[in-house]
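Only one structure is covered here, and it is reproduced in the block below.
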Amino acid sequence: MSATARHYALFTLPRRLPEADLPPLPRWRITMNTPSGVKRMATDGLDTEAFPYEGRILREPVAARRLRNNQWGEIDVQTLQFDVAISSDFVDFYLPADAPETLRGYWIMAERWDAARRLAVVEWSGVFNRGDLRPGVLSVEGTNVDQAVFTQPLPSTVITTALHAGVIPDVGKSVPVILGNVPRVPLVYVREDVLANLYDYLVGHGTVTVSAAYRNGPNGTLYPIGFGECLNASGLAATSWANASRTDLYSGYTALRFPVFQQDFQGGRHLLSADVLGLQTERNFARAIQTILTNTTWGLGKTVDVASFDTAAAALDAIPNLYCDGALTTPVQAQDVLAQLLMVRGMRLGTRAGTTTWTINVDTVQTETRLDLGDALDDGPRNMLVCEPRSAPSLAEAISTVTLAYRPDLSTGTSVHSVSRTLQAIGKPLSLRNDFIRVSETADRVVDYLGKRELAAQTTATATLAYESLSLSEGHLVRVTYAPYGF
C-alpha cells in the first residue's frame, strides 16, 4: 500500500504523558523560584547531577495545555500538578517561622529529561498557584497565568476627588484610553469653577489630539464645537485643535478647557464628545496588547518580552490596512479586551520559560515542516504511537457563516456595521464582535482570515506522539504519513 503525505497546521497540542511501557520514558526535573532562592526537584538522579536537588518528585507530573477556541489564542488556564517529597530545608522555606510567606505567584519550570540523550525539553512554565502540605509531601498545583490579572478592569483608574479640590461633576468615571483614531469619544467633565469661569473636560490618558468636538442635541443630534471656544495654555482662544488639546492641566491626561458653562436649552448641561487621534503606535494590534500589558497607570503593569512583541508587530505591519482603532471608555475585564485584540491574526499570549515575562506569537504562514510523523510501516519515521481517524463536526457543531460586528457607537455601546463570510452550506452561524476595528478593509481582512481558519479547523485528528513531539507548539507545521487511513 502506498501512502501519500499531507501537510497540516497544528492548532493545539494537548500535552499528555506516554504510557509507562512506551519507550523512550523521559524523566522530569522541576525548577521553582522562591524568595530564598531556586529550588530543584527531580524524579531520579538526585545525587548524580552537577547541582543538588531539594526534593524528589513522587509521581509523574500532569501537564495540561490547550487553546480555548479555533479563532485565536484566547487565554486559557494551563496547569501542572505534581507531588514532591521534601527535605527539612524545603519545609522550612514553605512555612517560614518569621512570616506568612507562601509560594503563590513564583515561577515554576518543568522539563522532560532524557538522561541517555542528555536532552531537556521545557514542558511547562508558569507560576505556583497553590500547595497542600502533608507529612513529608508537598502537592503542587501550578498555573500558566495569574487569572486574577485578567479579571482586572481596563481602564483600571477612575476620577477621584484627589484630582483637584474643586467641583468634579464626573467623579467616579473612567478616563478613556484611546488606541488609534476614534470618533465621538465621550469627554469626562472634571472641573466646574463658576467663579473663575473654568470648565475642564478630560479627553483621554496620555498625549492625544482632538480633531473635532461636539455638543449633544435633541434626538441624538450633534452640534460642532469650534476650537476657538477652548482656551489654550496662554489663557487665550485656541487657534487650532492641536492648540486646544492640553497636557498641562492634569498630569498624564489630555484635556479641553472652556471659559463658558456648556448649558443646554433645558437648563442642564451638554454632553461633549470628540474625534480623537489617540495613541498612534498602538494602531498596530500587537503594540496595543503590549501597552495594555505593561502600562502601570491604567493597564496591567506586567513585564513583556520586547523581542517577541517586535516580531509580532512587524508581522502585522506586513499586512496592509490592519488597524487598531478603539477606545476603552468604561471598565471592561482585561481578558475580554485582549480576546478582541488577539483575534485579528490568531495571536497567542504565553510566558517565557522560567519567568513570568509575557510573550506573543502571531499566526503566520508556515513553510518549514517542524516534524515528520509516521507509523513506520515503510521507511518513514516511527513516532506516531496512536492515531485516531480524521473527524468532521456534526450538523449542530459545523459553522456555516462567520459574521464580525465592528465600529461601535461609543454613546450606546452597540456595533453599527458588520461583515460576513460564508464557509459552507451546512451548520450554524458564528457571530463575533470587535470593538477595536473601525476601518472597513480591516474588518474585511479579519473576517476573511477568521472564516478560513474556522473552515480549516472543521477537520481534526487526535494522535499520541513520541517524546520528540514535545518540541512542537501551536501553529507549527507537521507532515503526517499514516497508511492505514490513506494519508
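The CG atom of Asn129 sits 10.0 Å away from atom CD of Gln81, with the distance rounded to the nearest 0.5 Å. Atom CG of Asp448 is separated from atom CG of Leu404 by 11.5 Å, given to the nearest 0.5 angstrom. Between atom NZ of residue Lys39 and atom CG of residue Asn33 there is a gap of 11.0 Å, rounded to the nearest 0.5 Å. Between the CZ atom of Arg348 and the CG atom of Asn361 there is a distance of 5.0 Å, given to the nearest 0.5 Å. Put simply, CD1 on Ile360 and CG on Leu293 are 8.0 Å apart, with the number rounded to the nearest 0.5 Å. Atoms CE and CG, from Met343 and Leu341 in turn, are 9.0 Å apart once rounded to the nearest 0.5 Å.
Although no hydrogens or angles enter the test, the distance criterion places a donor-acceptor pair under 3.5 Å between the side chain of Asn434 and the main chain of Gln340. Counting only distance, with no hydrogens or angles, the side chain of Ser234 and the backbone of Leu236 share no donor-acceptor pair below 3.5 Å. At least one donor-acceptor pair under 3.5 Å links the side chain of Arg445 to the backbone N or O of Pro320. In this structure, the side chain of His270 does not engage the main chain of Leu272 through any donor-acceptor pair within 3.5 Å. Counting only distance, with no hydrogens or angles, the side chain of Asn321 and the backbone of Glu441 share no donor-acceptor pair below 3.5 Å. Checking side-chain atoms of Thr442 against main-chain N and O of Ile437 turns up no donor-acceptor pair under 3.5 Å. Between the Thr31 side chain and the Arg40 main chain, no donor and acceptor come within less than 3.5 Å of each other. For Thr143 (side chain) and Val127 (main-chain N/O), no donor-acceptor pair under 3.5 Å exists by modelled atom type. Looking only at distances, no side-chain donor or acceptor of Glu192 sits under 3.5 Å from a matching main-chain atom of Val190. Remark: the backbone N or O of Arg184 is paired with a side-chain donor or acceptor of Asp275 at under 3.5 angstrom.
Scanning both residues, Val188 and Pro176, for their nearest heavy atoms gives CG2-CD, 3.8 Å. Nearest heavy atom pair, residue Ala110 against residue Trp28, reads CB-CZ3, 3.7 Å. When all heavy atoms of Trp298 and Thr157 are compared, the pair lying nearest together is CB-OG1, 4.1 Å. Closest non-hydrogen pair, Pro153 versus Pro331, comes out as CB-CB, 3.9 Å. The shortest heavy-atom contact between Leu256 and Ala244 is CD2-O, 3.4 Å. Taking each heavy atom of Gln424 and Ala398 in turn, the nearest pair found is NE2-CB, 3.7 Å.
Evaluation of the salt bridge (charged side-chain N to carboxylate O under 4.0 Å, His left out) rule for Arg438 yields no partner, not counting sequence neighbours. With sequence neighbours left out, the side chain to side chain contact (heavy atoms under 4.5 Å, CB included) criterion links Pro429 to Ser400, Thr401. Ser420 meets the side chain to side chain contact (heavy atoms under 4.5 Å, CB included) test with Thr403; sequence neighbours excluded. Residues that satisfy the side chain to side chain contact (heavy atoms under 4.5 Å, CB included) test with Ala274, not counting sequence neighbours, are Leu187, Val210, Ala213, Val276. Here Arg407 pairs with nothing under the salt bridge (charged side-chain N to carboxylate O under 4.0 Å, His left out) rule; sequence neighbours left out. Checked against salt bridge (charged side-chain N to carboxylate O under 4.0 Å, His left out), Glu229 has the following partners two or more places apart in sequence or in another chain: Arg215. Looking at residues two or more places apart in sequence or on another chain, you find no ring-ring contact (aromatic ring centres under 6.0 Å, His included) involving Phe436. With sequence neighbours excluded, the residues that form a side chain to side chain donor-acceptor pair (under 3.5 Å) with Asp409 are Ser411. Residues satisfying the salt bridge (charged side-chain N to carboxylate O under 4.0 Å, His left out) test with Glu368, not counting sequence neighbours, are Arg370.
Between Met32 and Phe128, the closest side-chain pair of non-hydrogen atoms falls below 4.5 Å. In this structure, the side chains of Ser308 and Trp358 stay at 4.5 Å or more apart for every pair of heavy atoms. The shortest side-chain heavy-atom distance between Ile399 and Lys428 falls under the 4.5 Å cut-off. Here the side chains of Val203 and Val185 are not in contact, with every heavy-atom distance at 4.5 Å or above. Counting heavy atoms from C-beta on, the side chains of Ile289 and Phe309 come closer than 4.5 Å. Taking the side chain as every heavy atom from C-beta outward, Leu432 and Val446 never approach each other to under 4.5 Å. Within the 4.5 Å cutoff, the side chain of Met347 has heavy atoms near those of the Phe285 side chain. Considering only heavy atoms from C-beta on, Asn216 stays 4.5 Å or farther from Asp264 through its side chain.
A donor atom on one side chain and an acceptor atom on the other are found under 3.5 Å apart for Asp83 and Ser139.
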Quick one, Trp124 with Ile108, criterion side chain to side chain contact (heavy atoms under 4.5 Å, CB included). Give me CA distance, side-chain angles, the key distance, then yes/no. CA-CA 8 Å; Trp124 189 93; Ile108 303 173; 4.0 Å; yes
CA sep, side-chain torsions, deciding dist, call: Leu455, Arg421, side chain to side chain contact (heavy atoms under 4.5 Å, CB included): CA-CA 11 Å; Leu455 188 60; Arg421 282 293 188 279; over 6 Å; no
What do the steps show when you test Gln262 against Tyr201 for side chain to side chain contact (heavy atoms under 4.5 Å, CB included), and what is the final call? CA-CA 11 Å; Gln262 301 299 302; Tyr201 289 78; 3.8 Å; yes
Residue pair Asp200, Arg257: steps toward the salt bridge (charged side-chain N to carboxylate O under 4.0 Å, His left out) verdict: CA-CA 4 Å; Asp200 296 346; Arg257 169 165 284 180; 2.7 Å; yes
Apply side chain to side chain contact (heavy atoms under 4.5 Å, CB included) to the pair Trp241 and Ile225, showing each step before the final yes or no. CA-CA 10 Å; Trp241 279 118; Ile225 297 173; 4.3 Å; yes
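Contacts classified as salt bridge (Lys or Arg N to Asp or Glu O under 4.0 Å) and involving residues 306-324 (residues at least two apart or in different chains) are given here: Arg287-Asp310. For residues 233-253, every residue pair satisfying the salt bridge (Lys or Arg N to Asp or Glu O under 4.0 Å) rule, not counting sequence neighbours, is listed here: Arg246-Asp248. Note on residues 164-177: pairs passing salt bridge (Lys or Arg N to Asp or Glu O under 4.0 Å), not counting sequence neighbours, are Asp170-Lys173, Asp170-Arg269.
In summary, of the residues considered (Asn295, Val177, Val332, Leu300), a side chain to side chain contact (heavy atoms under 4.5 Å, CB included) with Leu154 occurs for Leu300 alone.
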